[in-house]
Every structure is written in structure tokens, then in C-alpha cells.
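Data block below; observations after.
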Amino acid sequence: MDSSGDQPADDGKQRERAQGESDNDTLKYSLLGPSLTKAGQDAVDQQKVSEVIYNASKGSKFFNREQERDRNLTVKIERIRKEKARLEQLDLSHDLRKVDEFLAELELTRDLSQHVIHVDCDAFFAAVEELDRPELKTVPMAVGKGVLTTCNYLARKFGIRSGMASFVAKKLCPQLVLLPQNYEKYTAKAKEIRAIMAEYDPLFESASIDEAYLNITSYCSENELDPEEAVQRMRAEILETTKVSVSAGIAANAKLAKIASNQNKPNGQFRIPNDREAIMEFMRHLPVRKVNGVGRVFERELESVGIKNCGDIYPQRALLTKLFGEKAFQFLAQCYLGLGRTKIQPVETYERKSVGTEATFHEIGDKEELRAKLWWTAQELEKDMARTQFKGRTLVLKVKLHTFEVLTRQTAPPRAVFQAKDLYDFALPMLAKLEKDIPGMKLRLLGLRCTHLVSTKKAGINFFGAAVQPKSNVSSAVHVNSEYDIGAEEAFEEAARQEVQDEMNELEKLSQEASDLPEETNPTTTTWDCPICARPQVADDRIFNDHVDFCLSRQTIREVVQDTTQGVAVPGRKRKTASQSGPEGDIRQKRLFFQ
DNA sequence: GCGGATCAC
DNA sequence: TATGGTGATCCGC
């Protein structure tokens with residue numbers, strides 16, 4: 001968007017930042033939200049938007065918390081500045097030499113032989129809604145209830161963005177049309193799109209419901225196509241068959257492709273040539289904020305040491321480790337050089353590290369009411385643990401106080417846990433201690449999460465790298481929960497399966513035990529809507545999943561390699577109709593500092 | 001290993 | 001009136 005730095009929005013921002021670090025300016029900038037750098041905001045007067053948001057928020061508990069965070073960050077930044085000034089008095093030649101050696105080594109890892117693309121659907125949720133109701137195309141519209149997950153480009157003209165509270169959005173644009181989220185609908189559309197992407201790279205990597213990475217090197221050579229032609233073709237095919245427009249970035253690695261896909265949004269594509277000088281030149285003028293992993297906080301910290309664009313990293317390179325740590329230094333070094341990973345692989349090959357659930361509610365101080373919420377949370381987590389087929393060796397309790405302050409407490413139960421009763425029993429002491437330590441504690445959120453997971457999956461037979469028969473969808477669908485893996489790691493996987501084999505019997509008892517739960521808390525009447533046929537189904541995990549698999553196999557539009565909708569690709573396969581998910585969120589998070 | 005903080009979507 | 005949920009990683013202790 002503003003790599004050339006010539007937008008009015010950017011000018012305004014710079015002016016605001018340059019006038020000094022007065023509490024208000026940085027706070028207002030922060031209140032603008034994390035998605036300021038997204039497309040569609042170019043022609044917006046951010047000063048004015050900032051005022052509206054500020055005035056709508058002022059005095060609220062949320063605002064006060066943001067203000068405190070901003071003050072803390074300002075203090076931290078002052079420390080960084082002082083530390084930098086101190087370091088600059090020292091002899092840094094040793095550090096400089098080591099850094100340059102590292103950069104030289106990094107340079108040797110540069111691989112310009114691959115064509116990686118990042119595909120990003122344009123205002124995905126809003127676009128899908130517009131397909132059903134074309135009249136929405138002509139009005140500012142957003143998806144999401146309390147907080148917006150997506151909005152169309154008409155809404156963006158008013159300064160509206162994802163992540164914004166809807167009452168604030170209404171202040172910016174009173175005629176804004178708000179739609180509830182319909183995750184199943186978006187999932188179905190995403191499946192259509194993925195079916196097409198699989199033609200171009202069967203091993204593509206879903207980054208979220210509306211984003212994916214592909215390595216199209218083979219496709220291009222086999223079809224004797226230029227990467228840009230191939231991407232033109234794929235985008236046209238997606239638009240033609242699914243009626244959803246996508247943007248794409250083409251580059252030598254995933255990091256660059258991701259940046260490039262934002263360059264010509266919406267419905268555009270951009271290529272960074274596989275050429276070292278072109279890449280370095282591109283990065284030199286690129287604001288660090290554009291890089292995945294640099295958020296509002298890191299942006300401010302970097303700015304305070306004179307790093308605004310990736311090119312500014314080089315002159316400061318000798319200081320970075322001491323100021324921000326080794327990982328951050330390595331990350332910035334890769335940003336400067338424009339390096340990133342070229343290996344694209346299905347998300348199913350990534351190992352899940354945690355399963356959790358959390359929910360916001362009206363302020364609660366009553367202890368009995370809090371216990372009821374905890375029990376409900378435990379039940380929700382049990383469902384997710386059953387669905388993902390894990391137990392947890394560690395249980396994490398998360399609370400958000402009425403002041404918006406977030407606390408977590410964790411414990412290691414004597415055995416791996418997954419049943420609601422266990423989750424509740426082991427979480428309750430943590431909650432009780434918090435109540436004891438914080439007199440008059442009032443909560444607005446409760447969450448539970450299991451980490452140090454132990455898989456309870458059956459030993460499967462489906463490996464992604466192996467020749468899986470697409471036709472076997474129906475029969476294999478029941479077993480698709482097996483972990484995929486490739487190469488040498490298969491041995492490890494096999495060992496892991498052996499380890500959990502003895503825990504299988506317990507899992508088998510899950511459904512029986514679930515029905516033994518107290519009557520008033522056992523949601524026997526709950527039903528789930530099938531995301532495919534939309535009919536309500538009983539809330540039993542296995543019956544539900546079997547039904548969905550049946551529906552999927554019947555309505556397969558194209559033969560996708562294996563089943564891209566399983567596992568992570570459709571994180572919310574089983575979702576309550578009304579449940580909220582993230583703004584096009586997913587259960588996997590990128591490795592921020594690792595390529 | 002724990003808890004806070006940051007980030008993505 | 002009112003500011004989300006899921007998952008990952010890093011840092012300081």
C-alpha cells in the first residue's frame with residue numbers, strides 16, 4: 001500500500017509520530033487498530049477517524065486499559081532509546097563483525113529457484129455474503145457482531161476495519177449494514193477455492209480459511225508458463241467458478257509472497273522478481289510494519305531506534321541483538337535480505353501444540369456464577385478435545401478481569417486430562433486462588449486450554465506424501481484424523497502412536513461417560529448444524545463427523561487431494577451455528593520469527 | 001517451567 | 001451501553 005510512502009494517510013501518520021511521543025498521539029495511533037496497514041484505507045483521513053474512535057472510546061474500561069498499555073510501552077521505549085545511546089558509546093566492532101558473518105552465512109541460504117505464491121481472498125466473509133445478497137455490494141457492510149471480522153471496501157472508505165468494535169464502526173458510518181457470521185457458509189466457499197488451488201499445487205498450505213501458500217514451480221515448468229501467467233490463470237479460474245476474487249503475490253519465498261499479495265489488493269497480483277538486487281531494492285523501501293510478525297508494538301520500538309523501513313535495519317545491525325534479543329535480530333536480518341522459507345507443505349503436517357476455548361460475558365463477580373461459567377467452559381473444551389483427539393498434560397486457566405487485564409495460571413495434573421469433570425476439578429483451585437488473591441475479583445472472560453498434548457488418535461494409514469486414492473474418501477474419511485508426516489519424521493510419528501495406543505480404550509469410553517454427567521449440565525438437547533447440508537445433527541462427535549464426511553463425499557465438487565477440509569483446513573467444522581470465530585482465523589499460527 | 005506480552009487472522 | 005476467539009512464540013524470571 002504505502003511502500004512508496006506517498007499516501008496522505010502515511011503522511012498524516014508520520015506527522016503525528018514526528019510531533020513527539022505525547023501520550024495521546026501514540027494512544028490514538030494504537031486505537032486505530034492492528035489492521036491499519038491493510039488495503040482500502042489509502043484515501044481515508046486517518047486523523048479524523050482517529051478522533052472519532054478516541055471520542056467513542058474515551059473513559060471506558062477498555063480505553064483505560066489501552067491507555068495503561070500505551071504508557072508502559074512508552075516507558076519501555078524510553079529504556080530502549082537510552083540503551084541504544086549507551087551502546088553507541090562502546091566499541092561495537094566485535095559485534096559488527098559477528099553480525100556481518102551471520103549475514104554472509106544467511107546469504108548463502110538464498111534460494112531463487114522457486115516460485116512461491118500467496119493467495120488471499122478479498123474481504124472474504126463480506127464477499128461471500130454479497131454473493132447471496134448482491135444488493136449488499138452497493139452499501140457499506142461488515143460481518144461480525146460485537147467486533148467486526150471483515151468489511152467490504154465501501155465500508156473501508158469510512159475508516160472501518162476488521163477488529164473494530166461495531167458500535168465504533170456505527171459512529172464512523174451510521175448506515176453501516178451489519179451481518180452475523182455464518183462460518184459454515186464461508187467454509188464451504190473456501191473448499192471450492194481450495195479445490196482449484198490444488199490443481200496448481202496439490203501440496204498447497206492453507207494459512208487460514210481465506211489464505212494459502214502454493215509452490216507453483218512444478219506447475220510452471222510442466223505447463224511452460226511464466227509464474228505471472230499461471231497466477232493470472234488461477235485467479236481467473238477461481239473468479240469464474242467460485243465468483244470470489246482473490247489477490248496474489250508471487251516471489252521466491254513465502255515471506256515475500258505474503259507481502260506482495262497485499263500490494264495490488266483487491267483483485268490484483270504483484271510479482272517480486274527472483275533476483276537478488278530487485279529483492280533488496282524492494283525491501284529497502286518497505287516499511288517494517290508490512291512484514292508478517294511486526295505489529296504495532298514492534299513497529300514503535302523499531303521506529304524509536306531509527307528503523308522505519310527494512311533498509312534501515314542494516315545501519316543498526318550491530319545493536320539489534322542487545323536491544324531486542326537474538327531471535328528478533330535473526331528475524332530482522334531476514335527481513336533486510338528478503339529471505340524466507342520456500343518449503344510449502346500441507347498444514348496437516350504441522351503438529352498442534354494446544355487446544356483451548358474461551359468466552360467473554362457480562363462482568364461476573366459472584367463465585368457460584370463463576371463456577372457455572374467454568375463448568376460450561378470445561379464442557380466446551382471437552383468437546384474440542386474429543387474432536388481433535390487429544391489429552392493435555394498441562395491445563396491453563398485464563399481470565400480477563402473487568403479492567404481488561406489478562407491473567408493465566410497453569411497446572412500439571414497427575415494424568416493427561418480431557419474430560420469436563422477433570423478439566424473443571426483441576427481448574428477450580430486455580431480460580432479459587434485468584435479469587436483469594438484478588439479481593440472482589442470480577443471477570444469478563446474465562447478460558448481453558450490444554451497444552452503438552454498427547455494424541456489419542458488411532459494409528460492411521462493415510463500419509464499425505466503417499467499415493468492416497470481420492471476415491472477412498474468415503475471409507476477413509478472416518479480415519480482421516482491420523483497425523484500426516486513426511487520423510488524421516490515418520491519413525492517418530494510411529495513411536496508416538498505406539499505410546500498412546502494404550503490410551504485408546506479410555507477414549508472409547510468417552511461417549512458413555514459423557515452421558516453420566518449431571519443431568520442439568522449434560523446438553524443432550526444440543527444439536528449442531530451440518531456445514532454441508534445444514535441439517536441439525538446430534539451432538540455426538542463421532543456420529544456428527546461421520547455424517548459430515550458422508551455429506552462431503554456426496555457433494556465433492558472436485559477431487560481434491562485427500563480431503564483438504566479435514567483437520568486444520570476446516571478448523572471449525574464442528575461449530576455451533578451462532579459461535580463466533582476469529583476474523584478469518586485459523587487454529588494454526590505462523591512461526592513469526594522462523595522464516 | 002511459568003506468566004506476561006505480542007502477533008496473526 | 002458497548003471492544004472477539006484460537007493458537008503460536010518469545011522473553012524475563
Side-chain angles (χ1 to χ4, degrees), chain A residues 31 33-35 37-38 53 56-57 59-66 69 72-73 76 120-121 124-125 143-150 161-171 181 183 206-211 258 289 291-301 324-331 347 350-363 377 380-381 384 388 393-394 396-400 404-412 430 444-453 568 571-572 575 579-594:
Chain A
L31 286 170
S35 56
T37 60
K38 296 267 177 152
I53 297 176
S57 305
S60 69
K61 290 177 175 176
F62 172 82
F63 178 92
N64 292 338
R65 177 67 184 150
E66 288 298 301
R69 288 162 56 95
N72 292 341
L73 180 57
K76 183 180 175 189
D120 198 340
C121 300
F124 184 53
F125 292 0
V143 177
K145 275 266 182 285
V147 168
L148 308 183
T149 56
T150 318
R161 282 181 293 271
S162 65
M164 182 176 278
S166 47
F167 79 92
V168 174
K170 278 279 190 183
K171 283 221 160 48
Q181 193 140 310
Y183 202 77
S206 296
S208 72
I209 189 171
D210 76 326
E211 284 184 33
K258 167 81 181 168
R289 185 68 168 84
V291 182
N292 224 316
V294 181
R296 284 174 293 178
V297 172
F298 201 22
E299 178 190 32
R300 270 191 65 191
E301 293 178 358
F324 302 112
E326 185 66 20
K327 293 288 180 188
F329 159 69
Q330 292 176 8
F331 171 77
V347 278
Y350 290 102
E351 179 191 11
R352 182 193 264 273
K353 305 248 169 65
S354 72
V355 181
T357 183
E358 64 188 60
T360 295
F361 37 74
H362 67 276
E363 282 178 16
T377 308
E380 289 297 304
L381 184 53
D384 288 335
T388 55
R393 294 200 187 283
T394 302
V396 185
L397 173 75
K398 173 177 172 177
V399 302
K400 195 186 281 181
F404 283 85
E405 184 182 0
V406 175
L407 305 173
T408 63
R409 294 293 180 270
Q410 58 178 310
T411 186
M430 296 191 279
R444 71 183 329 274
L445 173 145
L446 248 181
L448 286 176
R449 177 167 298 273
C450 284
T451 64
H452 297 110
L453 298 180
V568 179
R575 284 274 163 226
S579 94
Q580 270 241 341
S581 186
E584 301 150 37
D586 202 351
I587 67 168
R588 236 204 98 246
Q589 159 70 344
K590 284 161 208 39
R591 278 96 168 120
L592 291 181
F593 286 170
F594 289 122

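First the proteins, then the strands, lettered A, B, ... as listed; each starts at 1.
The CD atom of A:E66 sits 9 Å away from the C1' atom of C:dT3 (whole-angstrom rounding). To the nearest angstrom, C1' of C:dT1 lies 17 Å from NZ of A:K145. Rounded to an integer number of Å, the gap from A:L31 CG to C:dT3 C1' is 10 Å. Separating the CZ atom of A:F298 from the P atom of B:dA5 is a distance of 18 Å, rounded to the nearest angstrom. Distance A:F62 CZ to C:dG4 C1': 11 Å, rounded to the nearest Å. Regarding A:E405, its CD atom lies at a distance of 17 Å from the C1' atom of C:dT3, rounded to whole Å. With rounding to whole Å, A:H452 atom NE2 is found 13 Å from B:dG3 atom C1'. The CG-C1' distance, from A:D210 to C:dT6, rounds to 15 Å in whole Å.
Under the 30°/60° scheme for interplanar angles, the aromatic rings of A:Y183 and A:F125 are found to stand perpendicular.
Under a 3.5 Å cut-off, the side chain of A:S35 and the backbone N or O of A:S162 do form a donor-acceptor pair. In terms of modelled atom types and a separation under 3.5 Å, the side chain of A:R289 and the main chain of A:V294 share a donor-acceptor contact.
The nucleotide whose nearest atom lies closest to any side-chain atom of A:L445 is, among B:dG4, C:dG5, B:dC9, C:dG5. Residue A:L407 places its side chain closer to B:dG4 than to any other of C:dG4, B:dG4, B:dG3. You'll find that the side chain of A:F404 is closest to C:dT3, out of B:dC7, B:dC9, C:dT3. When distances run from any side-chain atom of A:S354 to the nucleotides C:dG4, C:dG7, B:dT6, the shortest one goes to C:dG7. Side-chain atoms of A:R69 lie closest to B:dT6 of the nucleotides B:dT6, B:dC9, C:dT3. When each of B:dC9, C:dA2, C:dG4 is scored by its nearest atom to the side-chain atoms of A:F167, the top-ranked nucleotide is C:dA2.
The phosphate of C:dT6 (OP1 or OP2) has no side-chain N or O of A:R352 nearer than 4.0 angstrom. Contact annotation: A:T360 does not reach the phosphate of C:dT3 (side-chain N/O to OP1 or OP2, under 4.0 Å). For the pair A:R65 and C:dT3, the criterion of a side-chain N or O lying under 4.0 Å from OP1 or OP2 is not met. An OP1 or OP2 oxygen of B:dG4 is reached within less than 4.0 angstrom by a side-chain nitrogen or oxygen of A:R409. Proximity of A:N72 to the phosphate of B:dA5: no side-chain N or O atom is located under 4.0 Å from OP1 or OP2. Between A:R449 and C:dG5, a side-chain N or O to OP1/OP2 separation shorter than 4.0 Å is absent. Residue A:R296 has no polar side-chain atom (N or O) positioned under 4.0 Å from OP1 or OP2 of B:dC7. Between A:K76 and the phosphate of B:dG4, there is no side-chain N or O to OP1/OP2 separation shorter than 4.0 Å. One finds a side-chain N or O of A:K353 lying less than 4.0 angstrom from the OP1 or OP2 phosphate oxygen of C:dT9. Contact between the side-chain N/O atoms of A:T408 and the OP1/OP2 oxygens of B:dG4 is found at a separation under 4.0 Å.
Judged by closest nucleotide on DNA chain C, A:A165 is the one of A:T388 and A:A165 placed further toward the 5' end. The 5' end of DNA chain C is approached more closely, in terms of each residue's nearest nucleotide, by A:K400 than by the other of A:G325 and A:K400.
Residue contacts for A:T357: at a heavy-atom cut-off of 4.0 Å it reaches the sugar-phosphate backbone alone, with no base atom in range. In this structure, A:A412 reaches neither bases nor backbone, as no heavy-atom distance under 4.0 Å exists between it and the strands shown. Heavy atoms of A:V396 sit nowhere under 4.0 angstrom from any nucleic acid atom.
In this structure, the separation between CG on A:L453 and NZ on A:K353 is 10.0 Å, given to the nearest 0.5 Å.
Scanning atom types as modelled, one donor and one acceptor separated by under 3.5 angstrom connect the side chain of A:S57 and the base of C:dT3.
Closest non-hydrogen pair, A:S354 versus A:R449, comes out as OG-NH1, 2.8 Å. Nearest heavy atom pair, residue A:F404 against residue A:F62, reads CE1-N, 3.4 Å.
If you take atom C1' in B:dC7 and the same atom in C:dG4, they sit 15 Å apart, rounded to whole Å.
Using a 4.0 Å cut-off between charged nitrogen and carboxylate oxygen, A:E299 and A:R296 do not count as a salt-bridge pair.
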